[in-house]
Amino acid sequence: MKAFFKNLVITIVAVVLAAGVNAQSQNDYSKKIAPGLLKQDFLVLRDSLQSLHAGLYRYKTESEMNALFDRSYQQLDHPMTEADFFAIVSTLVSSIEDGHTECFLPQDRIKAIIAGVKIFPIQPKYIGDKAYVPCDTKEFPAGTEIVKIDDKPVNEIRKQLFSLLSSDGSIETEKYVKINDGHDPFSYLYFVVYGEKADFKITYKTSTGALAEKSLRADLFQKMECAPERPVINQYLSLEYKPGGIAVMTLKTFANEYLERTKENFENFLAASFKELKEKKITKLIIDLRENGGGEDTNGLLLYRYLTDKPFQYYASLNSTRHVITDHPNLAIQQPETNNFTGKVEFLTGGKSFSGAAEFSAIARTNSRGTFIGEETAGGYYGNTSGSKIALILPNTRIRVNIPLTKYVMAVKKAKYNDRGIIPDYPIVPTIQDYLDHKDVQMNFALELINKKINPSPGCLRMPMRVALDY
């Protein structure tokens with residue numbers, strides 16, 4: 001979501017003579033679609049991506065992308081179901097390595113799957129290469145480790161599902177968010193890849209660590225156990241104080257659209273907060289961006305203006321496939337705000353720190369403004385492709401593909417990796433026990449570190465020292 005372009009959101013319905021020929025009943029999941037119709041949809045997609053996607057060749061060369069297009073097209077040599085075709089399109093879109101480029105089954109199809117398809121009956125939680133039952137269920141206590149599903153190791157399954165999910169570069173933190181509690185939950189993707197099943201053979205670890213097996217019956221989405229909660233957010237922006245003269249600023253979004261719903265104003269919040277920090281003579285600040293999926297890029301820029309006392313550059317360049325953009329306000333040399341904060345800063349990031357939040361983090365990183373703690377950002381260090389988008393509806397399958405139109409390049413120094421996000425100085429991944437105990441081990445570590453009282457608990461996966469990232 002980029003405010004500069006927010007009024008330019010276009011929806012294109014690709015019109016071909018064959019459109020509508022393949023109309024399917026909502027519950028006919030097994031119906032095969034003729035290869036000619038699938039190829040027609042694919043060529044519409046390929047042409048649209050090549051002509052409109054400004055970041056198509058950010059991570060892969062044109063020849064590499066052409067090879068991927070060709071390989072995908074060659075698979076369309078026989079009739080296949082909508083889900084099978086969707087898996088091919090999703091894999092192709094994932095290979096672009098752009099988190100703003102996503103594809104979706106038609107809404108009526110998704111609703112029909114939710115209402116009528118029996119799926120894997122538990123929403124697992126993946127941490128690294130392991131999967132766990134994150135709540136007490138009818139068959140398993142919370143924290144049970146699932147080793148295999150239908151004789152497939154859970155890490156093998158994870159890799160297969162990840163191949164269908166888009167993200168910036170080779171970043172995986174966002175993919176974990178998507179299958180654990182995002183809009184592409186495990187059970188849905190498992191159905192897309194492996195089809196509908198009546199039951200599942202589960203290999204798991206008992207409380208003693210021994211391997212055991214159980215059979216689980218498939219069930220409807222509405223009956224899935226451990227389904228992610230969707231809490232109502234009444235406040236996105238907050239500033240609180242901790243013992244030892246520490247301030248914690250939580251910024252759950254940069255999106256003005258969301259802030260308007262809660263009657264919050266980002267500019268006013270920052271102005272009041274940094275004025276208060278100066279009046280209270282606070283010298284230690286933790287900024288929590290772990291729930292921040294981005295929003296207005298001007299809000300990320302404004303935040304950094306409060307964290308520096310020197311002029312700086314935010315974007316290096318912006319362009320579409322048709323022209324170079326020169327009139328975006330973030331391209332100009334930026335000046336610090338009057339009440340800028342010059343004290344010690346720590347940043348908490350994770351797999352939801354995307355788009356504008358990752359852009360801000362990249363500028364903070366390249367200017368060595370503070371210490372990063374937690375998990376790698378979901379957004380890339382060098383920038384992203386976002387802004388206005390086209391929602392392309394393929395004519396025969398009605399699959400929707402979001403195509404972003406503007407390539408954003410950050411004004412950053414060269415990093416060790418060209419396809420990663422902002423990697424924390426102190427990587428901390430909560431364990432399943434931390435999750436079950438509702439321990440915020442990342443925040444706890446940040447509070448200890450900012451006071452130089454480090455005594456890490458063994459309940460975290462963390463590097464023992466700062467990571468050398470060549471930033």
Side-chain angles (χ1 to χ4, degrees), residues 97 99 124-132 134 155 158-159 161-162 165-182 184 228 248-254 286-294 300 345-362 364-365 369-382 384 415-417 419-450 454 456-469 471:
E97 298 183 326
K125 184 173 184 64
Y126 269 93
I127 299 175
D129 59 2
K130 296 181 179 181
Y132 300 91
N155 196 42
R158 177 191 67 81
K159 291 177 181 178
L161 302 190
F162 273 20
L165 297 174
S166 60
S167 69
D168 286 358
S170 62
I171 299 168
E172 290 193 335
T173 51
E174 184 184 18
K175 295 186 179 186
Y176 280 102
V177 168
K178 286 180 176 179
I179 66 168
N180 284 335
D181 56 13
D184 295 294
V248 176
M249 181 178 288
T250 302
L251 307 172
K252 294 182 179 180
T253 189
F254 286 160
I286 298 172
I287 297 179
D288 188 349
L289 299 168
R290 290 176 294 174
E291 297 290 323
N292 193 319
V345 184
E346 292 178 352
F347 304 98
L348 289 174
T349 59
K352 295 181 183 179
S353 307
F354 185 56
S355 194
E359 291 178 350
F360 161 81
S361 298
R365 162 75 82 187
R369 185 57 190 93
T371 301
F372 283 81
I373 298 165
E375 298 173 70
E376 183 178 2
T377 59
Y381 171 74
Y382 283 107
N384 59 71
K416 183 176 182 179
Y417 306 103
D419 62 348
R420 300 289 296 274
I422 291 77
I423 302 172
D425 302 295
Y426 294 93
I428 299 177
V429 181
T431 66
I432 186 62
Q433 195 59 50
D434 293 329
Y435 174 81
L436 297 176
D437 293 340
H438 303 287
K439 284 184 180 178
D440 190 347
V441 291
Q442 295 168 338
M443 178 62 79
N444 292 343
F445 184 89
L447 291 167
E448 292 173 347
L449 179 64
I450 207 161
I454 299 301
S457 70
C460 307
L461 303 176
R462 59 168 58 84
M463 301 293 289
M465 57 189 298
R466 288 174 65 94
V467 183
L469 299 174
Y471 279 100

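These figures come from a predicted structure and were not determined experimentally.
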Quick check against the 3.5 Å criterion: does Thr349 have a side-chain atom that pairs as donor or acceptor with the backbone of Thr377?
no
Value for CG (Leu447) from CD1 (Ile286), rounded to nearest 0.5 Å, stands at 4.0 Å
Donor-acceptor pair, side chain of Asp168 and main chain of Gly99, under 3.5 angstrom
yes
Heavy-atom side-chain contact between Val345 and Met249 under 4.5 Å
no
Heavy-atom pair of closest approach, residues Tyr381 and Ile422:
CA-CD1, 4.0 Å
Shortest non-hydrogen separation from Pro124 to Pro134 and the atoms involved
CA-CD, 4.0 Å
Taking all heavy atoms of Gly294 and all of Asn292, pick out the closest pair and write down the distance.
N-OD1, 2.8 Å
Holding to ring pair (Phe, Tyr, Trp, His ring centres under 6.0 Å), I want the full list of residues that pass it with Tyr435, two or more places apart in sequence or in another chain.
none
Could I get the full list of side chain to side chain donor-acceptor pair (under 3.5 Å) partners for Lys252, not counting sequence neighbours?
none
NZ-CD1 distance between Lys416 and Ile423, expressed to the nearest 0.5 angstrom
8.5 Å
So, using side chain to side chain donor-acceptor pair (under 3.5 Å) as the criterion, who are the partners of Asp129 when residues are at least two apart?
none
Sequence-distant partners of Phe347, ring pair (Phe, Tyr, Trp, His ring centres under 6.0 Å), two or more places apart:
Phe360, Phe372
I want to check something: taking the side chain as every heavy atom from C-beta on, are Phe354 and Asn384 in contact at a cut-off of under 4.5 Å?
no
In this structure, CD of Gln433 is separated from CD1 of Ile127 (nearest 0.5 Å) by 10.0 Å
Residues that Ser167 engages under side-chain contact (heavy atoms from CB on, under 4.5 Å), provided they are two or more places apart
Glu174, Lys175
Between the main-chain N or O of Ala415 and the side-chain N or O of Tyr382, is there a donor-acceptor pair closer than 3.5 Å?
yes
Which residues pass the side chain to side chain donor-acceptor pair (under 3.5 Å) test with Arg158, sequence neighbours left out?
Asn155
Of all the heavy-atom pairs spanning Ala358 and Gly379, show the shortest one and how long it is.
CB-CA, 3.4 Å
4.5 Å side-chain heavy-atom contact, Asp440 and Arg290:
yes
Donor-acceptor under 3.5 Å (Tyr176 side chain, Gly128 main chain)
yes
Name all residues meeting the side-chain contact (heavy atoms from CB on, under 4.5 Å) criterion together with Ile373; count only those two or more places apart in sequence or in a different chain, and write none if there are none.
Glu346, Leu348, Thr371, Tyr426, Ile428, Phe445, Ala446, Leu449
Closest heavy-atom pair and its distance - Leu289, Phe254:
CD2-CZ, 4.3 Å
Counting C-beta onward and ignoring hydrogens, is there a side-chain heavy-atom pair between Val248 and Met443 closer than 4.5 Å?
yes
Set of salt bridge (Lys or Arg N to Asp or Glu O under 4.0 Å) partners for Glu376, sequence neighbours left out:
Arg420
Test Lys125 against Leu436 for side-chain contact (heavy atoms from CB on, under 4.5 Å), laying out the working first.
CA-CA 11 Å; Lys125 184 173 184 64; Leu436 297 176; over 6 Å; no
Pairing residues for Asp419 by the salt bridge (Lys or Arg N to Asp or Glu O under 4.0 Å) criterion, not counting sequence neighbours:
none
side-chain contact (heavy atoms from CB on, under 4.5 Å) against Asn444, all qualifying residues, sequence neighbours excluded:
none
Counterpart residues, side-chain contact (heavy atoms from CB on, under 4.5 Å), relative to Asp184 (two or more places apart)
Leu165, Lys178, Tyr188, Leu189
